[in-house]
Amino acid sequence: MPAQKSAPPKTASPARPSDLLTKEEHLELLKHLYLARYFDVRLIKEKRRGRLTGTLYSSHNQEAILAGTLYALKSTDWISPIHRDMPAFFMKDLRGKWGQDDRIAMTVEEVCSQVWGRSGSPGRARDNWSHIGSKSGHIIHSTSMLAGTIPVAAGLAYANKLDGGDAVVVTYNGEGSTAQGVFHEAINFAAVHKLPVITIIENNQWAYGTPTHLEYPLEDFARRADGYGIPGWVADGQDVFDVYDKMVAAVEYARTGAGPSIIECKTFRAYGHGDHDDDRAARYRPTDDVNKGRERDPIAVCKRILVEKGMMTQAEAAQYAAEGKGAPQTKDEDFPPEVVEYLKRGVEYAIKSPLPDAAEGAMWVFRETN
Amino acid sequence: MPAQKSAPPKTASPARPSDLLTKEEHLELLKHLYLARYFDVRLIKEKRRGRLTGTLYSSHNQEAILAGTLYALKSTDWISPIHRDMPAFFMKDLRGKWGQDDRIAMTVEEVCSQVWGRSGSPGRARDNWSHIGSKSGHIIHSTSMLAGTIPVAAGLAYANKLDGGDAVVVTYNGEGSTAQGVFHEAINFAAVHKLPVITIIENNQWAYGTPTHLEYPLEDFARRADGYGIPGWVADGQDVFDVYDKMVAAVEYARTGAGPSIIECKTFRAYGHGDHDDDRAARYRPTDDVNKGRERDPIAVCKRILVEKGMMTQAEAAQYAAEGKGAPQTKDEDFPPEVVEYLKRGVEYAIKSPLPDAAEGAMWVFRETN
Amino acid sequence: MSVTADAPATLKKNYLTALKEAIDEEMTQNPNMICIGEDIGILGGAFGVTEGLQAKHGASRVIDAPISEAAICGSAVGMALAGKTVMVEMQFIDFISCGFDQIVNMMATYHYRTAGEVSMPIVLRGPAGAYSGGALYHSQMNEAWFLNSPGIKVICPSTPYDAKGLMKAALRDPNPVLVYEIKNLYRMRDIEEELPEEEYIIPLGKAKIRREGTDITLVTYGQNVYHCLDAAQKLADQGVSAEVIDLRSLNPLDEETIVNSVKKTNRVLVVNEAPRTCGFAGEIVARVNELCFEHLDAPALRLTRMDTPVPWAKPLELHVLPSVDQIVETSLKIVRF
Amino acid sequence: MSVTADAPATLKKNYLTALKEAIDEEMTQNPNMICIGEDIGILGGAFGVTEGLQAKHGASRVIDAPISEAAICGSAVGMALAGKTVMVEMQFIDFISCGFDQIVNMMATYHYRTAGEVSMPIVLRGPAGAYSGGALYHSQMNEAWFLNSPGIKVICPSTPYDAKGLMKAALRDPNPVLVYEIKNLYRMRDIEEELPEEEYIIPLGKAKIRREGTDITLVTYGQNVYHCLDAAQKLADQGVSAEVIDLRSLNPLDEETIVNSVKKTNRVLVVNEAPRTCGFAGEIVARVNELCFEHLDAPALRLTRMDTPVPWAKPLELHVLPSVDQIVETSLKIVRF
Ligand SMILES: Cc1ncc(C[n+]2csc(CCOP(=O)(O)OP(=O)(O)O)c2C)c(N)n1
Ligand SMILES: Cc1ncc(C[n+]2csc(CCOP(=O)(O)OP(=O)(O)O)c2C)c(N)n1
Ligand SMILES: [Mg+2]
Ligand SMILES: [Mg+2]
């Protein structure tokens, strides 16, 4: 019998899952936030220095969503990040594996090569920005068509379940993308077959130039879950631990065969839709709203909790002051050196990676033989 | 502010709307059930007599949905019936207008001409079966693509509202069709703009050869409404008065600007998907289920209520015994003569109506000038 | 015709059975294969192509999907990503429009986007074609949409033998293959034929000369093969020898067979039932022109559906579709150019 | 070039402004017109084509729709049914695949299905075209899908003057018109031009000869117009006189201008940037062949995108798209045939 109620089930764990994390893990989560933030800052700086072209879709202020969800996954799980989730590509499988990149789904070198459009990217720069992935690393390759990987996730989950696997498949979507028909078709299908598909809704209050009330009639996009009788959690997208808690619940729900669920993470888009939109966004978004939306920097929130939990001193928290700043104001010194080092390695690799050969443009339209 | 709750609002009326109908109206509703039933019976007989080709999608056992919903509409309202709703085309605007066909959206002659594929049909037999409509009669012309008219309905409702009209737009859909992406996109759009769009879900337990539990994870398809924060009523599709009551509520809700809603009408498909499927359906549907599903014939239910309400005697109720029979077992004598006469007129007209000229096949691809 | 003892008519199989056997054999041999579509399991498909498949291979491998073409096509991509071979049935090929984006943008490009890392062994198939009173949405031949969308192979068998052999090849191809099954041929008696007992495969991309001729080449596929064969017979009565090429596979295309024929006949008429503008008939005309212009003694012409939808009523439908008489007439025009 | 006092440079307008003016003027004149699309109101469109429109005409006539292409296209049909003229913006023409069914099956056929009772005055428009590093989903020219779907007109202007005049004609046409706006031209300085003060309309279906010539006809549209003009210049340097026809409107098609030119030059090369197979370039080749075969001194050829998606990295992208050099080279091949 399919579930008849859509209220989020209680997790089996008595305590909050995040409370069960060790001090090292708490600190590692903060490091992941730094990593994601620095990726963004670094790219913006590279672009200003003229070393990078193309559009940047900033994940600034939304990093806790990526860090918190990915931290609850196993490497056999699949993910499908979209344009605003670039750090997810190198952060998948990073839990407990810092410095062991060979066991990671996608290296930062690969991700940076993708950003730079070089042959070092797995897709050999055939498609751009976040349209990257890895079959072996269990990352779905998205098209530009929003919500387009949700049915792919459902099919993957179906096949994996059929083969006795326990993989969970996670797609990331902006709140605006949930208006796509394919969102409905795929989640409906996943709900019918109780597939382990988790749909993350990054509700950053805007879909390009359109505010949420023109996209959906309700306040909480998680309520979309109610139409399928599946759990729809709302997480504080600024709080990596709250995101992690909800994700642990969703993963457990999925892995035990209960079916798909939705997690809406409330956040706020820090900049323009892409950096090409920064100037216009300053006009179409009320300044007060922007200031309010950026008040709770996920790095600051994380630090405060670490201090509260006694896992960090105030002084330690103050050491790297990346939070609450725009990219131009942020300096390398605001990040732990190993974070800067990590990303730098990726960027340098990418810049040195050659462009693909022209003739490759005509290759791989079809696979020749089996 | 958009509605935050999805519980169906109370209607303003204190009593059940159907209790406010006069005796004549009660009896008229029964006549509409006879009309719909006889249309079906007649077509099946015409086909057996070899006077008709093509596939018939029977509305047998589902007539109360059409009669009950249409009875709550004004002629300025729009409808969009689908394959299983053929009687809706001539029943629209029929309330209180028996014998005044010129003021009716679409005449029975036109509808029968459509079934026969003759030039007397408004579309001049360019498209088939239920793919008919009338701009002046306010009936949307559907394609075959299920749920495809819901966005059209939303656009119509939008434009009408913009122009200060108070028209409500009603689409009819099988429960299986609600899995289409366009259902989601259109209802989401309608909910954002509080458009007067009513989505009728005829839940007849089967979508061709697929039972409901493979189409949707929940028992009540009305729960799809919850994902949009709009009302989702469940009506007893065998009881024309219950359908009417829910429809009056939905119409009032729509007409007062509160927005879209969904009414799921529980019913059961009496025969195969189309008559070509009768034999196979007998194999894929458990006999017990079929017998149970057909237990409550809407004509019988209606009569029982009329008798209970003292609007009909047992003897009067027994006069025309169309209920509880298959088409082959049903005789003209089982219907009021004016019902038989009415449809007969349509059929005879259709049969005499010529086929369209071949050359018309190349016409009207484009409209020549404005 | 009376049936003799040593040629039992029962061994002859129709086009639909041939398809069914191909799918069933592949499902049996390939445990990694999944079928998904609307009403393909419990019902066995609107036309019965998958009849018995679910009972034999289980409901988890023969999936009765919700009426969600986009989710069906998209989930097939996910299954392929997980290593499956997937057969997707469109109840009518016309409904493919509802899954369009997932096919042209997600599925067809996946191999390309990943520079070869991922392959997409997916067969999309469904009943197609007009001349059957199906009207606008149960008559389409919309192959041009997909032929203009790089990354999808397209085939269209016209005989039971080809249907089986090509379907098996499609189900073993590592790329998306779209199969236009001609619903008018599913149960057509005239074309029933005995199929080999032993397994056989017909590689994609090989045309078949259905009738040899020397004066004009008729290039076609699908049910127009039969119209062309009828026309060739009528032309023969008038002393014109027409060669009939059944393309069978549109992409990959067997240009060699076409060119060789044109070199012999020096005249071409292409016949199909899709809308004219940007249809595959025009594509063949363009290719003939590119590949063997100097061998043409007359313009390569095409006979297609008019640029209209397929209307319902018989006179309307026949008016917009190519007919045997038109093929004869146009062939004569070309021959007498 | 220095600006003289009597030719103020400020009067020159770009392609984007021309489109914006056309839409704004029609919105002003036609109170029954509605615009709908993603981010067209508050933002004014991803490229700014609708900038200022919502402030001027109100949020109820310039609708910021949810990201729902099917609902957008379908609701446009409903609005048209209610008597409205509708302008639909696709944020990129590539996303039209997500509204495909509503366009080809619902909108395009509505007039036909109702035997003329209902008309569909809808303009679907959006930025299109490659050569800009947009990769697979921000580069498409997918016009062939719609040219093979009867009931939709298709245009593709290449200059500010044409953009405005054709857009106004499209917005007054009672049929669905799909407009491929070339995003690379939106703000291109070189093509800015003064536009007439007074209102003007360019009827759909008239091609424009951009350069006269006698040795070969280059038939093209969109940004390849400029590639062909550059090539014509280079050809002139080599003594070959090329005529360049900018189709502007693909359906209806100005066959007369093409045929007249071919009768003069006896040679044709068709250039576009869509995938080759079943693309509109092949269609033109087929028509030339049908209409004036006897005037051809060499095969009518086409230069198109290869049958690949549009890849991202510049060398890859340029490899699969037609270039000025290729146009020159192929033209010479044809001329020397
Ligand atoms: C099907 C489709 N339609 C339109 C677009 C163009 N587009 C790209 S991003 C975007 C806004 C997305 O908003 P949201 O989903 O909220 O994600 P965010 O960018 O806010 O993270 C739009 C409309 C697209 N990529 N795909
Ligand atoms: C988009 C689309 N996909 C598939 C079909 C084929 N089809 C026609 S009717 C039908 C079943 C419809 O079931 P339901 O919506 O429950 O309506 P019912 O026939 O039961 O009244 C299907 C799958 C179609 N018409 N349109
Ligand atoms: Mg957003
Ligand atoms: Mg049903």
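None of the values given here were measured: they were computed from a predicted structure. Each chain gets a letter, A, B and so on, in the order the sequences are listed, and its residues count up from 1.
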Fill in: Contact leader toward chain D among C:D101, C:D307, C:L250, C:T277, where contacts are heavy-atom pairs under 4.5 Å
C:T277

Worksheet item: Would you say the side-chain atoms of D:N289 pair up with the backbone N or O of C:P299, donor to acceptor, closer than 3.5 Å?
Response: no

Discussion item. For C:R276, which atoms come within 4.5 Å of any heavy atom of chain D: side chain, backbone, both, or neither?
Written reply: both

Worksheet item: Considering only heavy atoms, which portion of D:I284 lies under 4.5 Å from any heavy atom of chain C: side chain, backbone, both, or neither?
Response: neither

Discussion item. At a heavy-atom distance under 4.5 Å, which candidate from C:I103, C:V285, C:D94 has the highest pair count against chain D?
Written reply: C:V285

Worksheet entry | Largest heavy-atom contact set with chain D, pairs under 4.5 Å, which of C:G99, C:A70, C:P311, C:A274 | C:P311

Worksheet item: Under 3.5 Å, is there a donor-acceptor pair between the side chain of D:Y137 and the main chain of C:N105?
Response: yes

Worksheet entry | C:E283 and D:E283, any side-chain heavy atoms less than 4.5 Å apart | no

Discussion item. Given heavy-atom pairs under 4.5 angstrom as the criterion, report whether the side chain, backbone, both or neither of C:A298 touches chain D.
Written reply: backbone

Worksheet item: Who among C:G151, C:A135, C:C278 has the most heavy-atom pairs with chain D under 4.5 Å?
Response: C:C278

Item to complete: Describe, in one word, how the ring planes of C:F100 and D:W145 are oriented to each other, choosing from parallel (under 30°), tilted (30 to 60°) and perpendicular (over 60°).
Response: perpendicular

Discussion item. Quick check on C:Q140 against chain D: is it the side chain, the backbone, both or neither that has a heavy atom closer than 4.5 Å?
Written reply: side chain

Discussion item. Within the 3.5 Å criterion, strictly below it, is a donor on C:N148 or D:E143 matched to an acceptor on the partner's side chain?
Written reply: no

Worksheet item: Tell me, side chain or backbone of C:L296 under 4.5 Å from chain D's heavy atoms, or both, or neither?
Response: both

Fill in: Interchain contact, C:N251 with chain D, by part (heavy-atom threshold 4.5 Å)
neither

Practice prompt. Please flag which part of C:Y112 lies under 4.5 Å from any non-hydrogen atom of chain D: side chain, backbone, both or neither.
Written response: side chain

Worksheet entry | Between C:V288, C:T109, C:V270, the one whose heavy-atom pairs under 4.5 Å with chain D are most numerous | C:T109

Worksheet item: Side chain, backbone, both or neither: which part of C:L147 has a heavy atom under 4.5 Å from chain D?
Response: both

Item to complete: Flag the one option from D:R287, D:M306, D:E294, D:R305 with the top tally of heavy-atom pairs under 4.5 Å to chain C.
Response: D:R287

Worksheet item: Picking from C:G282, C:A144, C:C292, C:P309, which has the most non-hydrogen pairs under 4.5 angstrom with chain D?
Response: C:P309

Worksheet item: Does D:K314 NZ have over 12 foreign heavy atoms under 6.0 Å away?
Response: yes

Worksheet entry | Which portion of C:F337 sits near chain D, non-hydrogen atoms under 4.5 angstrom | side chain

